There are 4 protein chains.
Amino acid sequence: MIDQSIMRGGIMARARSSKKREDIFQAGLKLFSQHGYSKTTIKDVAEEAGVSFGTVFTYFETKDQLFHACVTEPLVEFREHIMEIRNRLETLTLQQLKQIIDQHVDMFFEKEREIRVIQYVIGQPERFQEMEELDSFANEFTQFIQDIVVIGMKKGFLPNSNPEEVGHGYLAFLMGARLTYTDHKNVQLTNGFKNQALRLFGIGV
Amino acid sequence: MIDQSIMRGGIMARARSSKKREDIFQAGLKLFSQHGYSKTTIKDVAEEAGVSFGTVFTYFETKDQLFHACVTEPLVEFREHIMEIRNRLETLTLQQLKQIIDQHVDMFFEKEREIRVIQYVIGQPERFQEMEELDSFANEFTQFIQDIVVIGMKKGFLPNSNPEEVGHGYLAFLMGARLTYTDHKNVQLTNGFKNQALRLFGIGV
Amino acid sequence: MIDQSIMRGGIMARARSSKKREDIFQAGLKLFSQHGYSKTTIKDVAEEAGVSFGTVFTYFETKDQLFHACVTEPLVEFREHIMEIRNRLETLTLQQLKQIIDQHVDMFFEKEREIRVIQYVIGQPERFQEMEELDSFANEFTQFIQDIVVIGMKKGFLPNSNPEEVGHGYLAFLMGARLTYTDHKNVQLTNGFKNQALRLFGIGV
Amino acid sequence: MIDQSIMRGGIMARARSSKKREDIFQAGLKLFSQHGYSKTTIKDVAEEAGVSFGTVFTYFETKDQLFHACVTEPLVEFREHIMEIRNRLETLTLQQLKQIIDQHVDMFFEKEREIRVIQYVIGQPERFQEMEELDSFANEFTQFIQDIVVIGMKKGFLPNSNPEEVGHGYLAFLMGARLTYTDHKNVQLTNGFKNQALRLFGIGV
DNA sequence: AATGAATGAGTATTCATTCAT
DNA sequence: AATGAATGAATACTCATTCAT
């Protein structure tokens, strides 16, 4: 009895992270990233997720809400990733900066679907309201890069730079790399991007 | 034979340069770039162009063809822009390279609609076939940049670089800048991008 | 046999008088009378009744059956009301007739929900089968009125009339009053209707 | 040329009264009056009207608008009918009043569909907004009846009455007759209603 | 060439009903 | 008995395309 109620409680508590919700979310992420919002039908999502289409509406009230979830929920993980490093920024070294850049490039290529959906939204600013959440995320990110540049200049491992320019340029660069190049298994390509990213910080290779 | 091709040429030339065709094309470009393919309706295009609904079909057989035109026709102008410089590449100087970069950044920000439509297609490679034409254009462009880097290194005004990396990185950077930043009137922003673009060539500012 | 019927009676008696069944019934009555059949959802009924969605189906197998119950069950009470008087019709006086009319008008205004649902069904005779039960009820009612008219003429307190015409006219009048006027608290209005109802019997006021 | 433009002008001017619009309107009136709003589908209306369902949307933007038209447009004719008499009210005779009542009863039975739709709306006041238009129409009508009563009393062919009570009672009576009795071919029935209607004015038969 | 009415395939969403817990 | 997740039939509405004028 007790076990049962705990189990049930557990299931209920996990309502938001139920297996089916996750399947539907991943299906939406895949299809929205491949075909955009309008071309993706709820029927497609349901089939991809292996549920009936009525079930999609059990977990997401509307197609809009599913899309919104696909755009914004991945930001949480991205944000955590940034914040973790931000807390130990004072002791940053060039070596660590190179690692961070490596991670960024890798992440932008690995999280293909998540970023494609974001780019889809960013590319149609008149159409989507999610922009605000994405804008504030972009601001956080560029601010984070600016902080790094300031620290790097102070510590002497970065040349004299305009932190703001580096922040915006670096974000643009990562976004453009992800948008323009599809072959995320190509190590030579990603290594090239890592080198070029370093140059944006004024570091010759 | 000759007559026919001339006639056809004549008809096409007239058709292609008709005022109404241009209006419809510009309307399509505007709306596709703002709202994507599916969300843009022929009715919207007709209204934006100031023509009647049926007239759109007089100039473009299907919605698909209008979209295809909006994606590929601007490439002609872009290509001309590149080729012109390519012919006098042997005498390139650092000063000229800086000018070229300036022009590139300016063009990517000014041709907002044309490039947004292209990015819309690039961002959904599984969905659109226009990819091939865009791919070959991208290859031309990166090849052009690679040639510049080789010349620059040979002439000594560019540091030792991997030309391919610079080519891909530079294209990615331009695309990302255009995708991520909307405020094309902001001179400070575009100047920043110009500086960062130089850094991709290994030129400190 | 006897046991079984008793048991069945017992079960039905319990089922029919369960608190939850009554709550659901009243919720259905309210919502059907306000929004009609199709616009009322089982979910709405469940919420209004304060029970869970599935519980509605425990007491009424289908939405149809719930609706049917809402239309027909109130007839029982109406019928009792009529029959009670019918048994002592021989001794009817004008005074008593006036009381009966008072009661009828009051009842038609007080039992708003019950009668609205009935009117909803009557108003769509091609759509609902409940019509037969309602028809026979209407016949009973008009017959009842006809009997009154005959008695009244015989006893001399009603003028010469066509009993059938009075019966039909009186039912029509009550129904129309209920349909057309919403303000059942308005005493002036209901008093007016009582006076007019008397006129249908040929009694000046 | 001139003829053509006139013809075209004629066609355009008649846009609201095009044959197809009228067919769709009549189909809607029929089906809404028989099955109510929700149970009537656009597909049904289209089939009944003999057009494709897309065409329904050419003439009525939404199902709501078609319904609204079916409820309110018939009021125009009703209103004209009333107003015509109203203008020559001063010379009213008992004979004419009887004629008016005859016409009212006949009209309420002949315009079955139009009035059923109105009753459907009136019966669900919480649900429909058309109520206001119907309320003001009902007010006009009862006011018209009150005027008649006042004239009749002044001229001496009507007994002392409360005009308001007669107005409301008479409208209720007509509505209820239409609601409750379906057999509009039954002359005996309608004659009965005409007699009863007279009694509401205090006129014995 | 220009127009816009007619068409019907396609889509998001609703909701009665079933059924496992 | 009570619950509510899962299902899919049904429906309003959109919109590219056709075609008669």
Side-chain angles (χ1 to χ4, degrees), chain A residues 4-5 7-8 11-12 15 18 20-21 24 37-46 50-67, chain B residues 14-15 18 20-21 37-46 51-67, chain C residues 15 18 20-21 37-46 51-67, chain D residues 4 7-8 11-12 15 18 20-21 24 37-46 50-67:
Chain A
Q4 236 187 44
S5 74
M7 262 179 61
R8 243 201 312 202
I11 286 165
M12 287 177 66
S18 94
K20 284 212 169 137
R21 187 191 191 276
I24 293 165
Y37 181 82
S38 305
K39 198 72 187 305
T40 298
T41 70
I42 295 289
K43 188 167 155 279
D44 292 342
V45 172
V51 300
S52 92
F53 82 82
T55 302
V56 175
F57 290 97
T58 304
Y59 292 92
F60 298 90
E61 279 185 40
T62 62
K63 185 183 175 184
D64 255 334
Q65 286 188 17
L66 172 58
F67 183 71
Chain B
R14 244 183 293 139
S18 131
K20 283 198 175 163
R21 186 191 190 278
Y37 180 81
S38 305
K39 200 71 188 304
T40 298
T41 70
I42 296 289
K43 185 167 160 278
D44 292 342
V45 172
V51 301
S52 91
F53 176 66
T55 301
V56 175
F57 290 95
T58 303
Y59 293 93
F60 298 90
E61 276 185 42
T62 65
K63 186 183 176 184
D64 256 333
Q65 286 186 18
L66 172 58
F67 183 71
Chain C
S18 134
K20 282 200 175 163
R21 187 192 189 278
Y37 180 82
S38 305
K39 200 72 188 304
T40 298
T41 70
I42 297 288
K43 186 166 161 279
D44 293 341
V45 172
V51 302
S52 92
F53 175 67
T55 301
V56 175
F57 290 95
T58 303
Y59 293 92
F60 298 90
E61 277 185 43
T62 63
K63 185 184 175 182
D64 257 332
Q65 287 187 19
L66 172 57
F67 183 70
Chain D
Q4 237 187 43
M7 264 180 60
R8 240 192 324 191
I11 286 164
M12 287 177 65
S18 95
K20 285 212 169 141
R21 188 192 190 275
I24 294 165
Y37 181 81
S38 305
K39 198 72 188 305
T40 298
T41 69
I42 296 288
K43 188 166 155 280
D44 293 342
V45 172
V51 300
S52 94
F53 83 84
T55 302
V56 175
F57 291 97
T58 303
Y59 292 92
F60 299 90
E61 278 185 40
T62 63
K63 185 183 175 183
D64 255 334
Q65 286 189 19
L66 172 58
F67 183 71

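Labels below follow one simple rule: chain letters A, B, ... track the order of the sequence lines, proteins then strands, and each chain is numbered from 1. Model, not experiment: these values are computed from the prediction. What you see below is based on every heavy atom in this structure, not just the backbone, and it leaves out hydrogens, waters and symmetry mates.
By the side chain to side chain donor-acceptor pair (under 3.5 Å) test, T55(A) is found to be paired with S52(A), residues two or more places apart in sequence or in another chain being considered. For T41(D), the side chain to side chain donor-acceptor pair (under 3.5 Å) partners two or more places apart in sequence, or in a different chain, are D44(D). Listed by chain and number, the residues in a ring-ring contact (aromatic ring centres under 6.0 Å, His included) with F57(D) amount to none (sequence neighbours excluded). Applying the side chain to side chain donor-acceptor pair (under 3.5 Å) test to S38(A) and every residue at least two apart in sequence or in another chain returns R127(A).
Between the P atom of dA1(E) and the CZ atom of R21(B) lies a distance of 14 Å, rounded to the nearest Å. As a whole-Å value, the separation of F60(C) CZ from dA1(F) P is 14 Å.
A close approach under 4.0 Å does occur between a side-chain nitrogen or oxygen of T55(A) and OP1 or OP2 of dT7(F). Here K20(D) reaches the OP1 or OP2 of dA6(E): one of its side-chain N or O atoms lies under 4.0 Å away. Residue Y59(B) places at least one side-chain N or O closer than 4.0 Å to OP1 or OP2 of dA2(E).
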Quick tally for nucleotides 11-16 of chain E: nucleotides whose base has a protein heavy atom under 4.0 Å get B, sugar-phosphate-only ones S, the rest -, giving SSBBSS
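With the 3.5 Å cutoff on both pairing distances, Watson-Crick and G-U pairs in DNA chain E assemble into runs of at least 3 at E:2-21 with F:2-21.
Between V56(D) and I24(D), the shortest heavy-atom distance links the atoms CA-CD1, 3.9 Å. In terms of heavy-atom proximity, Y37(C) sits nearest to K63(C) at O-NZ, 3.0 Å.
L66(B) places none of its side-chain heavy atoms less than 4.5 Å from the side chain of Y59(B).
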Worksheet item: Should F67(D) and T62(D) be marked as a side chain to side chain contact (heavy atoms under 4.5 Å, CB included) after you check the CA-CA gap, both sets of side-chain angles, and the distance that decides it?
Response: CA-CA 9 Å; F67(D) 183 71; T62(D) 63; over 6 Å; no
